[in-house]
Structure formats: C-alpha cells, structure tokens
Amino acid sequence: MGERMSDEGSTGGEPAVLVGGPADGMRIRVVGRPAVLQVTFPCEVEAVARAVRVEALYVYRRDARQPLEGEEQAYGFDGASP
C-alpha cells in the first residue's frame, strides 16, 4: 500500500477497476492484462498452535471488450467461481 499510483504509469501497468462483489469500485494497476484476478480478505481465526492464515477468495474476470480511450480496464466479479 503506501505507494501512490498515478495515471502516468509511475508504478507500471495500466489502470483497472473492480466491478461488483466485495471489492466493488476498487481501483488498481495491472500489468499484461491478466484474464483473472484474485482478491482475498483475511478471516478471523481462533487461537491456533501454529501460524495459520485463512483468507476468503474472490475472483474477478477481465471484461473482454477493450476500454475506450481514457477509460479503465474493468474486471467483473465472478460469483460462480470457487
């Protein structure tokens, strides 16, 4: 986090937006237009003897249509994916 992203591409990649689901409206930068993105949220766990992490997994798929000039690439929530 902490690093500011700008439209000039100072962090590389291109702007994209997540549509629907738990990360609706989140703006990110992607490199190479991946077809699928995974978004995870940590889950609370009761005390465990070992270091165990549990995360809820959500899948977002790239909208196959090219964005118009000046628009962000959109990734839509796929509620059917495990």
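As the structure is a prediction and not an experimental result, all values here were calculated from the model.
- A continuous path of Ile, Leu, Val, Met, Phe, Trp and Tyr side chains, each step under 4.5 Å between heavy atoms, connects L37 with F77, placing both in one hydrophobic cluster.
- Placement of V36 and V19 in two distinct hydrophobic clusters is found when ILVMFWY residues are connected by side-chain heavy-atom separations under 4.5 Å, directly or transitively.
- Contact annotation: the side chain of R33 approaches that of E14 to within less than 4.5 Å [non-hydrogen atoms, C-beta and beyond].
- The two residues R27 and V17 have their closest heavy-atom pair at NH1-CG2, 3.8 Å.
- If you take CG on L57 and CZ on F41, they are separated by 11.0 Å, rounding to the nearest 0.5 Å.
- At distances below 3.5 Å, at least one donor-acceptor pair connects side-chain atoms of Q73 with backbone N or O atoms of D63.
- For the pair R61 (side chain) and Y75 (backbone), a donor-acceptor distance under 3.5 Å is absent.
- Inter-residue side-chain proximity for D24 and L18 is flagged as unmet; no heavy-atom pair is nearer than 4.5 Å.
- Side-chain heavy atoms closer than 4.5 Å link hydrophobic residues (I, L, V, M, F, W, Y) into clusters, and following such links, possibly through other members, connects I28 to Y60.
- Scanning both residues, C43 and A56, for their nearest heavy atoms gives SG-N, 3.6 Å.
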